[in-house]
Amino acid sequence: MSPLTQLFETAKSARERAYAPYSKFQVGAAIRTKGGKIIAGCNVENAAFPEGVCAEGGAISAMVLAGETEIAEVLVIADAEHCSPCGGCRQKIREFAGDDVLVHIADLNEVKKTYTMADLLPAGFELKKKV
Ligand code: THU
């Protein structure tokens, strides 16, 4: 299985676990880390709508918990033509991804579009880290 197919299949399985009773819009995400791990996330909604978490945010939390902080590639999947990460998620991904990192957008069958991180979030907010 190619690395991209592995990312696709992982995100697709994660999407099946999505908790989206309010929107009925299930989303899966998978991150390949520079350390070679594949980490999944799904959206988790809440009756208090703003408390819901996007699939990308869930995957990032799991990635950090797994001890990884460098993203190599991301794939987002939904039963939609173009489920592009929201603005907040772009900033969340940017924290751990350089300009050249690829973000693939897939429907349930295949990748439909691929962006670089620089395409998705030019001029993202950055802050000097304290040592
Ligand atoms: N959602 C994601 O999880 N990721 C995206 O990239 C776009 C939107 C979720 C949030 C909410 O649970 C549902 O999709 C509808 O907006």
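In listed order, ligands and their atoms are each counted from 1. Since the model is a prediction, treat every value here as computed from it, not as a measurement. Worth knowing before you read on, the calculation uses all heavy atoms, side chains too, and leaves out hydrogens, waters and symmetry mates.
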Donor-acceptor pair, Asn43 side chain versus Phe25 backbone, under 3.5 Å? yes
Closest approach of any protein heavy atom to atom 15 (C) of ligand 1, naming residue and atom: Ser23 OG, 3.7 Å
Quick check: does any side chain N or O of Glu45 sit under 3.5 Å from a backbone N or O of Ser23, one acting as donor and the other as acceptor? yes
Basic-acidic side-chain contact under 4.0 Å: Asp107, Lys12: no
Residue, atom name and distance, where the atom is the protein heavy atom closest to atom 5 (C) of ligand 1: Glu56 OE2, 3.4 Å
At a 4.0 Å threshold, what atoms of ligand 1 neighbour a non-hydrogen atom of Pro85? 6 (O)
Within the 4.0 Å heavy-atom shell around Asn43, which atoms of ligand 1 are there? 3 (O), 9 (C), 11 (C), 12 (O), 13 (C), 14 (O)
Atom 16 (O) of ligand 1 [closest protein heavy-atom partner, distance rounded to 0.1 Å]: Phe25 CD2, 4.8 Å
In a check of side-chain contact (heavy atoms from CB on, under 4.5 Å) between Thr114 and each of Val103, Leu102, Leu4, which one passes? Leu102
Who's closest to atom 2 (C) of ligand 1 heavy-atom-wise, of Val27, Val76, Val53, Asn46? Val27
Arg32 and Thr10: CA distance, side-chain angles, deciding distance, side-chain contact (heavy atoms from CB on, under 4.5 Å) verdict: CA-CA 10 Å; Arg32 188 165 55 79; Thr10 302; over 6 Å; no
Residue-ligand contact Gly52/ligand 1, heavy atom below 4.0 Å: no
Considering residues, nucleotides and ligands other than Glu126, do more than 12 of their heavy atoms fall under 6.0 Å from its CD? no
Got an N/O contact under 3.5 Å between Cys83 and ligand 1? no
Under 30°, 30 to 60°, or over 60°: which ring-plane class applies to Phe49 and Tyr22, parallel, tilted or perpendicular? tilted
Heavy atom of Ser84, distance to ligand 1 below 4.0 Å: yes
Is a side-chain N or O of Arg90 found less than 3.5 angstrom from the main chain of Pro85, in a donor-acceptor match? yes
Glu45 neighbourhood, listing ligand 1 atoms whose heavy-atom distance to it stays under 4.0 Å: 11 (C), 12 (O), 13 (C)
Please write down residue, atom name and distance for the protein heavy atom closest to atom 10 (C) of ligand 1. Cys54 SG, 3.9 Å
Ala55 heavy atoms within 4.0 Å reach ligand 1 at atoms 2 (C), 3 (O)
